Amino acid sequence: MSLKTYWTTQTEIALNSWTSEFWQSGRDNQLAIACCTSCGLHRLPPLPYCKSCLCKEIEWRSYEGELTLYSFTLCAHPEGGQYAPALVEAGGADNVRLIGNLIDMNPEDIQIGMKLTIEWLPIANGYKYPAFKKA
Ligand SMILES: [Zn+2]
């Protein structure tokens with residue numbers, strides 16, 4: 001059985017000054033990752049200080065580089081079927097990792113290191129949530 005996500009168009013997210021740009025970009029099907037304005041290190045989630053140079057400032061950059069499956073788990077949904085929350089690595093962005101569900105694949109086809117593409121699925125209020133499928 002093909003994996004799916006259990007987010008719905010009723011799922012709501014909480015926005016704040018640290019995450020708003022990520023979600024706004026997702027509305028346009030764009031992945032945005034925060035970067036340190038001083039040394040350029042990518043920060044996701046955008047922590048208050050850069051772990052390299054301690055700079056507080058960030059800027060958001062659109063990311064269209066490679067996405068690779070770093071880790072995942074298979075979960076059984078109480079209503080039937082399975083879903084697979086995953087950690088996905090953005091290799092061209094200092095290997096920051098995103099969390100999202102794997103979709104449109106069978107559990108036996110999942111391989112650590114496989115290349116993925118992002119798909120933004122609609123949730124409440126016009127926002128979208130990132131899911132990942134085989135590249
Ligand atoms: Zn920095």
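Atoms within a ligand are numbered from 1 in the order they appear, just like the ligands themselves. Only heavy atoms go into these numbers, but all of them, side chains included; no hydrogens, no water, no symmetry mates. Quick caveat, the model's predicted, so the values are computed rather than measured.
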**Q** For residues 120-132, which residue pairs qualify under side chain to side chain donor-acceptor pair (under 3.5 Å), counting only residues two or more places apart or in two chains?
**A**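 As it turns out, the side chain to side chain donor-acceptor pair (under 3.5 Å) pairs with a partner in residues 120-132, which skip direct neighbours, are Q24-Y127, N29-K128.
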**Q** Can you confirm whether the side chains of Q30 and S62 place a donor and an acceptor under 3.5 Å from each other?
**A**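 The answer is yes; a qualifying pair exists.
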**Q** Which class fits the ring pair H77 and Y83: parallel under 30°, tilted 30 to 60°, perpendicular over 60°?
**A**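 It falls in the perpendicular class, over 60°.
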**Q** State whether the side chain of S20 and the backbone N or O of S17 hold a donor-acceptor pair below 3.5 Å, judged by distance alone.
**A**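 A pair under 3.5 Å: no.
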**Q** If we ignore hydrogens and angles and just use 3.5 Å, is the side chain of D94 paired with the main-chain N or O of H42 as donor and acceptor?
**A**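 Side chain of D94 to backbone of H42: a pair is present.
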**Q** Under 2.8 Å from the Zn ion (ligand 1), which protein atoms of type N, O or S occur, listed by chain and number?
**A**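 Near the Zn ion (ligand 1), below 2.8 Å, one finds C36 SG, C39 SG, C50 SG, C53 SG.
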**Q** Got T68 and K115 here, is their nearest side-chain heavy-atom distance under 4.5 Å?
**A**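 Yes, close enough: below the 4.5 Å cut-off.
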